[in-house]
Amino acid sequence: MKVIIVGGVAGGATAAARLRRLDEQAQIIVFERSGYISYANCGLPYYIGGAITDPEALTLQTPESFFSRFRVEMRVRHEVTALHPERKTVSVKNLETGEEFEEGYDKLILSPGAKPTQPRLPGVGLEKLFTLRTVEDTFRMKEFIRENRPRSAVLAGGGFIGLELAENLRELGVDVTIVQRPKQLMNPFDPDMAAFLHSELRRHGVKLALGQTVEGFQERDGGVDVLLKDERPLHADMVALAIGVTPDTALARDAGLELGIKGSIVVNDRMETSVPDIYAVGDAVQVRHAVTGMDALISLAGPANKQGRIVADNLCGGDSRYQGSQGSSVLKVFDMTAASTGVNEANAKKAGLAVDKVILSPMSHAGYYPGGKVMTMKVVFEKGTFRLLGAQIVGYEGVDKRIDVLATAIHAGMRVTQLKDLDLAYAPPYSSAKDPVNMAGFMADNLEKGVLKQWFLEDLPTLPRDGSATLLDVRTVGEFAQGQIEGFRNIPVDELRERMGELEPGKPVYVMCQSGLRSYIASRILAGSGFEAYNFAGGFRYYDAVTHDRGLIERATACGMDQ
């Protein structure tokens, strides 16, 4: 069997290595147009900032090491220019010599990946305008920074690469502004959870120009003007485009393969394309979202690696199936960690799902053990069935552990109430006897049993303020004095039983505290005394973070820049 693989990195290199482990006799050739066949794409921003100092650390394998270990021909600087399914060949150009030739195959695996989205705007292509996708991109940006020592940078786009690059440029002392059209960063997160990321970025000096549309780029005064719609330009010494990626599928399109979202390659669960003996993996393929069942594009290394393994299994007589992507991800944002899995609330609603949620602010480990940090968790589930749909967590410690537990629970098809039954490891430096994941399950269980009723931030504008309901804040007097919501009266939870007579019977009570725990206790006290009580999800801490961020965004929209 002769297998040609177009593209290395995660999907292609994984497929090649797995093929060799399963078939010692197969002839395997990988054509990679860059100079690197397997590199740490996710580590590129950290080389820019100096966290990774050795450039060779970015290259996981060289053509020589791959051949030595697996006897796979890794032909770098070779670009496949056309596919010929009718005669089972590919056209190849040697980018160093200019030689062009055809190579035949029995099986063909496409792993072309995705390319940085390049908007058709004036000024795209300027020397001081960068993208960050390949090792070559990284070296070019690193060399520019070393030689020119830029003092300012504008990053167009606030996804994974944009945030990682912002952090690393700030570590170099560069003044950084992130500009993008949506009014929030990181689309996998709901706006309320993204607010915590905005706060962390601002705390480290990153300026956010959210809700702004980039209309072009122009050289001026030795730097670049980023032209914005209806706003003054942003000037910087360098600009990086990080507005997303687009499947690199021109070869597949020209060969007549079926395409899907944004020109991605349509594959079945065996990673087979619409043309016999041609498979595709990685960022270039359309996948099924494991939670919604809808078609999706999910550009992450984990899925690409799994898909490469699946193709190799199937080429060697197996029957491996890709079960879809959940989009599990984790991101370092300065001192904070942000992670998500499944679908967020907004996307669940777009998919037509009836959703509910719990929001909690647990400690990363036992409160009596020094060093614990608060995290904010938002767990989304389906109304009625309580099927777990997704989760988002932002915090400083233990975030990655909890998101992986929740990702596993989603994969297993668990109900959110079953989280309370998980037997999770506990020791004071690492967790609490009631782990944050268990706590989310306890809250959902209370909802299902009618023990807990919630109200949410989006309900605040419509809360009854005509005297037909009681708005109650059960924090301490000192906490209440430092900040409160207009219209709420203060009775600390520990005084509530003795002061119950101050509340008018028959009126519903909307309760809040700092995190949601004391207000839950208060709501149970109230329910036990005949009141209908609703607990505010997230607490005042959550309210303050989200509403403060909204104010900043509105000001940014009005002024053209958030300082």
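Note: hydrogens, waters and symmetry copies are ignored here, and every other heavy atom, side chains too, is used.
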Peer 1: Counting only N and O atoms by type, is there a donor-acceptor contact under 3.5 Å from the side chain of Asn344 to the main-chain atoms of Pro188?
Peer 2: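 Confirmed, Asn344 side chain pairs with Pro188 backbone.
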Peer 1: With distance as the sole criterion, is a donor-acceptor pair present between the side chains of Ser515 and Ser361 under 3.5 Å?
Peer 2: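 Checked: Ser515/Ser361 side chains show no N/O donor-acceptor pair below 3.5 Å.
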Peer 1: Kindly determine whether Leu419 and Leu388 satisfy side-chain contact (heavy atoms from CB on, under 4.5 Å), including the steps that lead there.
Peer 2: CA-CA 9 Å; Leu419 297 176; Leu388 191 57; 4.2 Å; yes
Peer 1: Look only at the side chain of Asn305 and the backbone of Ala301, and say whether a donor-acceptor pair between them is shorter than 3.5 Å.
Peer 2: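 Yes; judged by distance alone, with no hydrogens or angles, the pair exists.
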Peer 1: Determine, for Lys378 against Asp190, whether the closest basic-nitrogen to carboxylate-oxygen distance falls under 4.0 angstrom.
Peer 2: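 Yes, Lys378 and Asp190 are salt-bridged.
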Peer 1: For Glu382 and Arg415, run salt bridge (charged side-chain N to carboxylate O under 4.0 Å, His left out): C-alpha distance rounded to whole Å, both residues' side-chain angles, the deciding distance at 0.1 Å, then the answer.
Peer 2: CA-CA 9 Å; Glu382 191 172 30; Arg415 302 170 79 240; over 6 Å; no
Peer 1: Taking the side chain from Asn347 and the backbone from Val343, do they hold a donor-acceptor pair closer than 3.5 Å?
Peer 2: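 Here the side-chain-to-backbone pair does not exist.
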Peer 1: Are the side chain of Gln326 and the backbone N or O of Ala407 linked by a donor-acceptor pair below 3.5 Å?
Peer 2: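 Here the side-chain-to-backbone pair exists.
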Peer 1: Where is the tightest heavy-atom contact between Asn490 and Arg499, given as atom of each residue plus distance?
Peer 2: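 The answer is O-NH2, 4.0 Å.
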Peer 1: Please check: side-chain N/O of Gln184 versus main-chain N/O of Phe189, any donor-acceptor pairing under 3.5 Å?
Peer 2: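 Yes.
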Peer 1: Between Trp455 and Tyr510, what is the ring plane arrangement, given parallel below 30°, perpendicular above 60°, and tilted in between?
Peer 2: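 The rings of Trp455 and Tyr510 stand perpendicular, inter-plane angle above 60°.
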Peer 1: Has the side chain of Arg387 got a donor or acceptor atom that lies under 3.5 Å from a matching backbone atom of Gly413?
Peer 2: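 Side chain of Arg387 to backbone of Gly413, a donor-acceptor pair under 3.5 Å: no, none is there.
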Peer 1: If only side-chain N and O atoms count, and only distance matters, is there a donor-acceptor pair under 3.5 Å linking Gln392 with Ser340?
Peer 2: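 There is no such pair (donor and acceptor under 3.5 Å, judged by atom type) between the side chains of Ser340 and Gln392.
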Peer 1: Is a side-chain N or O of Thr462 found less than 3.5 angstrom from the main chain of Asp459, in a donor-acceptor match?
Peer 2: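 Confirmed, Thr462 side chain pairs with Asp459 backbone.
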Peer 1: Quick one: does Asn438's side chain have a donor or acceptor within less than 3.5 Å of a partner on Leu422's backbone?
Peer 2: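 Present.
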Peer 1: With a 3.5 Å cut-off and no angle check, do the side chains of Arg541 and Gln514 form a donor-acceptor pair?
Peer 2: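 Checked: Arg541/Gln514 side chains show no N/O donor-acceptor pair below 3.5 Å.
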Peer 1: On the 0 to 90° scale, with breaks at 30° and 60°, tag the His365-Tyr369 ring pair as parallel, tilted or perpendicular.
Peer 2: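 His365 and Tyr369: perpendicular rings.
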Peer 1: Less than 4.5 Å apart, any side-chain heavy atom of Asp435 and any of Tyr430?
Peer 2: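 Sidechains of Tyr430 and Asp435: no contact.
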Peer 1: Is Glu345 salt-bridged to Lys357, cutoff N-O under 4.0 Å?
Peer 2: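 Salt bridge between Glu345 and Lys357, a charged N being under 4.0 Å from a carboxylate O: yes.
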Peer 1: Is a side-chain donor or acceptor of Asp473 paired with a backbone partner of Phe488 at a separation under 3.5 angstrom?
Peer 2: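 Not at all, since once roles are kept as given, no pair shorter than 3.5 Å links the two residues.
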Peer 1: Evaluate whether atom CZ of Arg203 has more than 12 neighbouring non-hydrogen atoms of other residues, nucleotides or ligands under 6.0 angstrom away.
Peer 2: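 Count over threshold, so yes.
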Peer 1: Can you tell me if Ser199 uses its side chain to pair, donor with acceptor, with the backbone of Phe196 under 3.5 Å?
Peer 2: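 A pair under 3.5 Å: no.
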